[in-house]
Amino acid sequence: MNIGKEKRLEKILEKKLWEVAGRYLGEDPMHGLPHIRRVYKNFTLSAVDKTIGPATTDALEISVILHDIGRSVAGQSDHAAKGAEELGKLFQGELSEIKNQEWIINAVAKHSVGLEGKVDDDGDMVLALLCLFDHMDCLGPVGIHRLTLYWCGGQPYKIPWIPKEGLTWLEVNNLKYLLNTPGAITQEMMPMREHSFLECLVFFHGITYKILQPVKNILSNQFFSNIDWRLETMKWHAKGLISGL
């Protein structure tokens, strides 16, 4: 897991972080350690350590590894807030040596919502990048599979492609608009994901595009190409579904 930082987390601390994550999370492919490993891979691919400095990079790396520990006690409901609460306990105990704890706690507490506005400080940077790397796991082929698992109670591809009652002309045109203007999507539209797989695709395409904007200038070209391909995959699938209506 070498990310080529000039100054990276001490190996002993990094090993401890993964051990802590393992205590909280199992091997569930959707939100367990496999998900954390994929988010960590997104972090390493981004090469942000070249642009944001060692202190912010370290806080971000810790946030990536521990961001979902709240799921073990809260499930999907408010897991981010519960994770921040658990982190507070860990920072008072076995992880007390970690620096910039407030950045990490804030990022974990808000990673389900993301940064509201522009990046103003290092804490905002940690939150914005954590949210981006996490949302990336809902894009592309793996992301599409995860979305079907999430909304289908563990039974992939049972979610309806469109709502059972169908879509009106106005709803179809709204989806087309959101695909072509992804920055217009808002977090308040999140319930749309429950209605159909089509709306799920449109939502995650738009929301990830929006999350990307405040930090896109500090990402490596390789990373940007990767996320652009994932976004286009979601858009291609959504357009195909819409064209069949």
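For reference, positions follow the sequence shown, starting with 1. On a predicted model such as this, the values are computed, not experimentally measured, just so you know.
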Worksheet item: With a 4.5 Å heavy-atom cut-off, do L17 and L95 have their side chains touching?
Response: yes
Worksheet item: So, D134 side chain and L130 main chain: donor-acceptor pair closer than 3.5 Å or not?
Response: no
Fill in: K239, NZ: over 12 other non-hydrogen atoms inside 6.0 angstrom
no
Discussion item. Could you go through E199 and E171, starting from their C-alpha distance and side-chain angles, then the distance that decides it, and tell me whether this counts as side-chain contact (heavy atoms from CB on, under 4.5 Å)?
Written reply: CA-CA 10 Å; E199 290 168 296; E171 288 170 330; 5.8 Å; no
Discussion item. Ignoring hydrogens, what is the shortest heavy-atom contact between C138 and M234? Give both atom names and the distance.
Written reply: O-CE, 3.1 Å
Worksheet item: Looking at E19 and K16, does any basic side-chain N land under 4.0 Å from a carboxylate oxygen?
Response: no
Worksheet item: Given the rule in the side-chain contact (heavy atoms from CB on, under 4.5 Å) test, do L198 and L167 qualify, once you have shown the distances and angles that lead to the verdict?
Response: CA-CA 11 Å; L198 169 57; L167 291 170; 3.9 Å; yes
Worksheet item: Quick one: are R230 and N42 in side-chain contact, heavy atoms under 4.5 Å?
Response: yes
Practice prompt. Taking all heavy atoms of L25 and all of D68, pick out the closest pair and write down the distance.
Written response: CD2-O, 3.4 Å
Practice prompt. Check whether any side-chain heavy atom of L139 sits under 4.5 Å from a side-chain heavy atom of T233, and report yes or no.
Written response: no
Worksheet item: When you measure from the side chain of N173 to the backbone N and O of W169, does any donor-acceptor pair fall under 3.5 Å?
Response: yes
Practice prompt. Return the minimal non-hydrogen interatomic distance between K118 and D124, and the atom names on each side.
Written response: O-OD2, 3.7 Å
Discussion item. Is the ring pair F133/F43 parallel, tilted or perpendicular, if the boundaries are 30 and 60 degrees?
Written reply: tilted
Discussion item. Walk me through whether N106 and K110 qualify under side chain to side chain donor-acceptor pair (under 3.5 Å).
Written reply: CA-CA 6 Å; N106 179 66; K110 298 178 180 178; 3.1 Å; yes
Worksheet item: Ignoring hydrogens and geometry, is there a side-chain-to-backbone donor-acceptor pair from S63 to L127 under 3.5 Å?
Response: no
Practice prompt. Group every Ile, Leu, Val, Met, Phe, Trp and Tyr by side-chain heavy-atom contacts under 4.5 Å, then state whether L201 and Y209 land in the same group.
Written response: no
Discussion item. Taking CG in N221 as the centre, count heavy atoms belonging to other residues, nucleotides or ligands within less than 6.0 Å. Is the count above 12?
Written reply: no
Practice prompt. Report yes if the side chains of W103 and D121 come closer than 4.5 Å at any heavy-atom pair, otherwise no.
Written response: no
Response to the item:
Of all heavy-atom pairs linking G88 and I105, the shortest is CA-CD1, 4.2 Å
Fill in: Distance flag, aromatic centroids of H67 and H35, threshold under 6.0 Å
yes
Discussion item. Could you measure the distance from the CG atom of L241 to the SG atom of C200? Nearest 0.5 Å is fine.
Written reply: 11.5 Å
Practice prompt. Answer yes or no: are there more than 12 heavy-atom neighbours, outside K235 itself, under 6.0 Å from its atom NZ?
Written response: yes
Response to the item:
Nearest heavy-atom contact between I65 and A21 is O-CB, 3.7 Å
Discussion item. With heavy-atom distances below 4.5 Å as the criterion, would you say the side chains of L212 and L219 are in contact?
Written reply: yes
Worksheet item: Is there a donor-acceptor pair under 3.5 Å between the side chain of H111 and the backbone N or O of V108?
Response: yes
Worksheet item: How far apart are the C-alpha atoms of L132 and I227, what are their side-chain angles, what is the distance that settles it, and do they pass the side-chain contact (heavy atoms from CB on, under 4.5 Å) test?
Response: CA-CA 10 Å; L132 174 62; I227 194 170; 3.5 Å; yes
Worksheet entry | Distance, nearest 0.5 Å, that separates CG of L178 from CD1 of I185 | 5.0 Å
Worksheet item: Would a distance-only check, ignoring hydrogens and angles, find a side-chain to backbone donor-acceptor pair under 3.5 Å from T208 to H205?
Response: no
Item to complete: Please test V48 against M125 for side-chain contact (heavy atoms from CB on, under 4.5 Å), starting from the C-alpha separation and ending with a verdict.
Response: CA-CA 10 Å; V48 292; M125 183 65 73; over 6 Å; no
Worksheet item: Counting N and O atoms only, with roles assigned by atom type, does the side chain of S96 sit under 3.5 Å from a partner on the main chain of Q92, one being a donor and the other an acceptor?
Response: no
Practice prompt. State yes or no: do Y177 and L179 share one hydrophobic cluster built from I, L, V, M, F, W and Y residues joined by side-chain heavy-atom distances below 4.5 Å, directly or via other members?
Written response: yes
Item to complete: Measure across A109 and A80 and return the closest heavy-atom pair with its distance rounded to 0.1 Å.
Response: O-CB, 3.4 Å
Worksheet item: Is N100 close to D122 at the side-chain level, that is, under 4.5 Å between some pair of heavy atoms?
Response: no
Worksheet item: Side chains of Q213 and K216: is there a donor and an acceptor less than 3.5 Å apart?
Response: yes
Fill in: Interatomic distance, E86 atom CD to K82 atom NZ [nearest 0.5 angstrom]
5.5 Å
Discussion item. Using 0.5 Å steps for rounding, measure from the CG atom of D28 to the CG atom of L33.
Written reply: 10.0 Å
Worksheet item: Under 4.5 Å between any side-chain heavy atoms of L66 and I104, yes or no?
Response: no
Practice prompt. Measure the acute angle between the ring planes of H135 and F204, then classify it against the limits of 30° and 60° as parallel, tilted or perpendicular.
Written response: tilted
Discussion item. Donor-acceptor check, side chain of K99 to backbone of A55, threshold 3.5 angstrom: yes or no?
Written reply: no
Worksheet item: Salt bridge or not for E94 and R23, using N-O below 4.0 Å?
Response: yes
Discussion item. If you define the side chain from C-beta out and look only at heavy atoms, does anything of Y24 sit under 4.5 Å from L90?
Written reply: yes
Practice prompt. Measure the CZ-CG distance between F224 and N217 for me, rounded to the nearest 0.5 Å.
Written response: 8.0 Å
Worksheet entry | Ion pair check, R37 and E27, cut-off under 4.0 Å | yes
